[in-house]
Amino acid sequence: MRDDPPHESDQLAVLDKLASLRRFTPARIALGRSGSGQLTETSLRFMLDHARARDAVHATLDFDSIGQLLRERDWSVVAVRSAAADRAEYLRRPDLGRHLSPEGRLAIESQRRGDDVAIVAADGLSASAIEINLQPLLDHLRQLLLARGLTIGPLVLVEQGRVAIGDEIGELLGARLVVVLIGERPGLSAADSLGAYMTWRPRIGTMDSRRNCISNIRPAGLPPEEAATQIVGVIELAFKHAVTGVQLNDLRGDEAIPVVGPRE
């Protein structure tokens with residue numbers, strides 16, 4: 001015996017409840033329909049978000065302006081490039097984004113060595129993530145690191161960089177830990193998300209399982225001030241246990257912290 005189909009008023013009540021959830025999330029829920037298809041508004045919104053995600057991937061970052069702004073805020077800034085010649089090659093060849101250009105390597109080798117923390121900022125797959133979130137995040141992050149007596153190396157800005165380029169930079173700088181701040185792969189609900197990847201004793205060839213990640217750093221996600229607090233919390237544990245990644249999670253037991261592969 002078949003169940004009777006739900007009454008129309010019951011269907012409307014369910015839709016109303018789902019629609020009320022939309023104010024809590026940018027996810028595509030309770031979109032409604034017109035016949036068997038999407039509403040025009042829904043379709044247009046999808047096209048707009050898709051275009052924003054594509055623009056974020058292909059956009060170029062004005063590193064000169066960002067570097068100048070950070071220098072005015074008393075950061076020692078070094079600007080370098082990865083081995084990728086341009087944006088098109090960067091997207092085709094992820095491996096090239098994981099290594100410095102010869103000129104970039106020389107620039108890093110000329111910097112002071114031996115600081116506790118090296119900070120690397122790379123455009124990754126979202127230039128807008130760096131433009132919007134980098135400066136406020138760095139302001140909070142530096143304050144918290146210095147308050148804990150940790151020394152910070154020169155801030156390295158990397159054009160066409162991937163997460164793993166921080167391993168080479170951190171090794172060249174002789175840093176105990178590297179933090180890579182990078183534009184994450186855009187989604188249809190967020191094209192400006194910044195990720196922070198922390199690696200203890202960075203070395204070329206380091207596996208992703210040896211990193212910890214805090215992601216979705218943006219005004220509509222994890223605010224920069226709160227993100228800085230979480231990043232420093234991971235750094236404190238890394239210095240306490242001399243490890244990051246899966247091993248750090250194992251040491252902490254139930255109080256696990258994020259370990260994820262790069263969203264780049």
Side-chain angles (χ1 to χ4, degrees), residues 53 56-61 63 66-67 77-111 113 115 117-130 133-134 137 153-187 193-215 217 231 234-235 238 243-248 258-264:
V57 169
H58 292 282
T60 56
L61 196 59
F63 278 94
I66 291 175
V77 178
V78 183
V80 297
R81 297 178 58 93
S82 74
D86 53 35
R87 195 65 178 173
E89 185 172 54
Y90 171 80
L91 294 174
R92 291 195 311 268
R93 294 282 306 275
D95 57 310
L96 296 179
R98 300 183 183 116
H99 298 282
L100 290 166
S101 67
E103 298 80 8
R105 188 175 179 88
L106 287 173
I108 299 300
E109 287 175 338
S110 67
Q111 303 300 311
R113 291 174 47 83
D115 286 293
V117 179
I119 301 178
V120 177
D123 45 8
L125 291 176
S126 175
S128 59
I130 294 291
N133 305 299
L134 180 61
L137 176 60
L155 173 64
V156 182
L157 300 180
V158 185
E159 187 173 355
Q160 319 293 6
R162 302 271 178 175
V163 170
I165 204 167
D167 300 333
E168 183 176 3
I169 293 171
E171 183 175 359
L172 290 173
L173 291 176
R176 298 173 69 188
L177 181 141
V178 66
V179 179
V180 178
L181 307 174
I182 190 168
E184 295 187 302
R185 182 174 62 248
S193 177
L194 190 71
Y197 294 81
M198 289 139 284
T199 308
W200 178 257
R201 293 296 185 192
R203 296 290 184 272
I204 294 176
T206 297
M207 297 178 63
D208 288 335
S209 60
R210 289 190 53 212
R211 314 187 200 284
N212 291 100
C213 172
I214 293 173
S215 62
I217 302 170
I231 291 168
V234 175
I235 291 174
V243 70
T244 48
V246 173
Q247 289 179 290
L248 183 58
V259 181
V260 266
R263 294 180 56 205
E264 41 156 27

When you look at Arg98 and Val163, which way does the side chain to side chain contact (heavy atoms under 4.5 Å, CB included) test go after all the steps? CA-CA 7 Å; Arg98 300 183 183 116; Val163 170; over 6 Å; no

After noting the C-alpha distance and the side-chain angles of Leu173 and Val178, does the key distance pass the side chain to side chain contact (heavy atoms under 4.5 Å, CB included) rule? CA-CA 10 Å; Leu173 291 176; Val178 66; over 6 Å; no

Might you point out which heavy atoms bring Ala196 and Ile217 nearest each other, and give the distance in Å? CB-CD1, 4.1 Å

Side-chain touch Ile130/Leu157, heavy atoms, less than 4.5 angstrom: no

Keeping Tyr90 on the side-chain end and Gly124 on the backbone end, is there a donor-acceptor pair under 3.5 Å? yes

If you measure from SG on Cys213 to CG on Asp208, what distance do you get to the nearest 0.5 Å? 10.0 Å

Could you tell me whether the side chain of Tyr197 reaches within less than 4.5 Å of the side chain of Val179, counting heavy atoms only? no

Sequence neighbours excluded, which residues qualify as salt bridge (charged side-chain N to carboxylate O under 4.0 Å, His left out) partners of Glu109? Arg105

Looking at OG1 of Thr206 and CD of Glu168, how far apart are the two atoms once the value is rounded to the nearest 0.5 Å? 11.5 Å

Does some side-chain heavy atom of Glu171 sit less than 4.5 Å from a side-chain heavy atom of Ile204? yes

Scanning both residues in full, the closest heavy-atom pair of Ala107 with Ser110 reads O-OG, 2.7 Å

Test side chain to side chain contact (heavy atoms under 4.5 Å, CB included) applied to Arg201 - qualifying residues, sequence neighbours left out: Arg176, Arg210

Side chains of Leu91 and Leu125 in contact at under 4.5 Å (non-hydrogen atoms): yes

Single hit among Thr199, Thr244, Ile119 for side chain to side chain contact (heavy atoms under 4.5 Å, CB included) with Leu177: Thr244

Looking only at heavy atoms, the pair that brings Leu137 and Leu194 closest together is CD2-CD2, 3.6 Å

Ala175: side chain to side chain contact (heavy atoms under 4.5 Å, CB included) partners, not counting sequence neighbours: Ala118

Step by step, would you call Asp86 with Glu89 a side chain to side chain contact (heavy atoms under 4.5 Å, CB included)? CA-CA 5 Å; Asp86 53 35; Glu89 185 172 54; 3.4 Å; yes

Correct closest heavy-atom pair for Leu134 and Ile66 would be CD2-CG2, 4.2 Å

Gly195 and Glu184 have their tightest heavy-atom pair at N-CG, 3.5 Å

Scan the side chains in residues 77-84 for donor-acceptor partners under 3.5 Å anywhere in the protein, sequence neighbours excluded, and list what turns up.
residue	atom	partner	partner atom	Å
Arg81	NH1	Glu159	OE1	3.1
Arg81	NH1	Glu159	OE2	3.2
Arg81	NH2	Ala85	O	2.7
Ser82	OG	Ala84	N	3.2
Ser82	OG	Gln160	O	2.5

My understanding is that only residues two or more places apart in sequence, or in another chain, count here; which of them pass salt bridge (charged side-chain N to carboxylate O under 4.0 Å, His left out) with Asp95? Arg93

Taking all heavy atoms of Ile108 and all of Leu100, pick out the closest pair and write down the distance. CG1-CD1, 4.0 Å

May I ask you to decide if Gly183's main-chain N or O and Asp123's side chain share a donor-acceptor pair within less than 3.5 Å? no

Beyond-backbone contact of Ile231 with Asn212, side-chain heavy atoms, under 4.5 angstrom: no

Under the side chain to side chain donor-acceptor pair (under 3.5 Å) test, which residues partner Asp167, sequence neighbours left out? Arg211

